[in-house]
Every structure is written in structure tokens, then in C-alpha cells.
Amino acid sequence: MSINGIDRSQITAMMAQIRAAAAKMEGVQQPVKGTVSPAETPKIDFAQALKASLDQVNSAQSASKKLGEQFALGDDRVSLSDVMISAQKASISFQTTVQVRNKLVSAYHDIMNMQI
């Protein structure tokens with residue numbers, strides 16, 4: 001379920017991760033409802049994960065563009081703050097993607113320059 005562009009399932013998963021990290025820092029291992037142990041974690045292909053993240057960035061940019069167009073056309077249901085927030089979300093996701101790409105290219109160059 002999505003509320004104003006925020007996916008409730010992602011928030012729930014993030015909260016579970018935060019609780020698990022807090023429990024580890026306290027030295028107490030309490031099972032957190034909704035968490036998955038490392039043994040149960042499904043294997044995800046790197047290409048699929050990369051494509052999924054690029055699709056998310058693309059959808060954020062498309063949604064931002066659509067909101068901007070609706071606001072420019074005078075749609076009363078779209079406020080300026082919604083447009084600006086959407087644009088910032090899209091910008092941050094794109095910048096993050098560019099930084100991840102830069103790190104991957106750097107790692108590739110490091111591996112290629114290793115002596116065997």
C-alpha cells in the first residue's frame with residue numbers, strides 16, 4: 001500500500017531492520033517479528049537487483065515529471081510542495097544511482113589492475 005509515494009511495506013521492513021540492529025547493539029538477540037534470518041534469505045541475481053533499482057529511479061523520475069506537468073496545467077489536486085518533494089526524491093535517487101555506478105566502475109578498475 002502506498003501513501004503519498006511512501007510504500008508502507010518498505011517502512012515496516014526498515015523498522016524491523018532498525019529494531020534488529022538495536023537488539024544486536026544491546027547484546028540481546030530478540031527475534032523481531034517480520035525479519036528473515038540470513039539462512040532464509042532468497043538469492044537474488046545481481047542483474048535483477050540492478051534492474052529493479054534502475055526501474056525504481058525511473059518510476060520516481062516519471063512520477064515527478066507527471067506531477068510537474070499536472071501542476072503546470074493548473075490541476076488543483078497537486079500542490080507545489082508535492083511537486084517539489086517529488087522532484088527532490090527523484091533527484092536524490094538519481095544522484096545515489098550515479099554514485100553507486102561510480103563505485104562499481106572504480107571497483108572494476110581496481111580488479112582489472114590487480115596483478116595475478
Side-chain angles (χ1 to χ4, degrees):
M1 175 180 213
S2 179
I3 300 173
N4 292 334
I6 300 172
D7 189 10
R8 188 174 290 267
S9 64
Q10 290 178 344
I11 293 173
T12 305
M14 193 178 304
M15 289 300 295
Q17 290 176 351
I18 291 170
R19 287 187 190 113
K24 285 181 184 179
M25 290 181 72
E26 292 175 0
V28 178
Q29 290 288 343
Q30 297 176 350
V32 179
K33 183 179 179 182
T35 59
V36 179
S37 69
E40 298 173 1
T41 305
K43 302 275 184 189
I44 298 176
D45 185 27
F46 178 75
Q48 291 173 346
L50 184 62
K51 183 179 182 334
S53 65
L54 291 176
D55 288 341
Q56 286 178 345
V57 170
N58 185 38
S59 66
Q61 289 179 334
S62 297
S64 174
K65 181 179 178 183
K66 184 178 178 183
L67 276 177
E69 289 173 352
Q70 288 176 341
F71 182 77
L73 292 174
D75 190 351
D76 292 337
R77 296 174 293 173
V78 180
S79 68
L80 179 61
S81 61
D82 290 340
V83 174
M84 296 307 293
I85 290 171
S86 178
Q88 285 300 314
K89 284 182 182 179
S91 175
I92 290 170
S93 358
F94 181 72
Q95 289 173 5
T96 303
T97 302
V98 169
Q99 292 301 320
V100 168
R101 182 206 55 150
N102 291 344
K103 289 292 184 180
L104 286 171
V105 169
S106 175
Y108 173 78
H109 285 293
D110 290 345
I111 290 171
M112 293 305 294
N113 291 330
M114 284 183 182
Q115 293 183 359
I116 297 178

Pairs meeting criterion side-chain hydrogen bond (donor to acceptor under 3.5 Å, both in side chains) with involvement of residues 104-116, two or more places apart: none
Distance, nearest 0.5 Å, that separates CD1 of I85 from CD of Q88: 9.5 Å
For L80, side chain to side chain contact (heavy atoms under 4.5 Å, CB included) partners two or more places apart: F71, M84
S64 (side chain) donor-acceptor with A60 (main chain) under 3.5 angstrom: no
Which donor-acceptor pairs under 3.5 Å do side chains of residues 44-55 form with protein atoms, sequence neighbours excluded?
from : atom 1 : to  : atom 2 : distance (Å)
K51  : NZ     : D55 : OD2    : 3.1
S53  : OG     : A49 : O      : 3.4
S53  : OG     : L50 : O      : 2.8

Sequence-distant partners of Q95, side-chain hydrogen bond (donor to acceptor under 3.5 Å, both in side chains), two or more places apart: S91
All pairs passing salt bridge (Lys or Arg N to Asp or Glu O under 4.0 Å) where residues 69-83 contributes a residue, at least two apart: D75-R77
Partner of N102 under side chain to side chain contact (heavy atoms under 4.5 Å, CB included), chosen from V98, V105, V100: V98
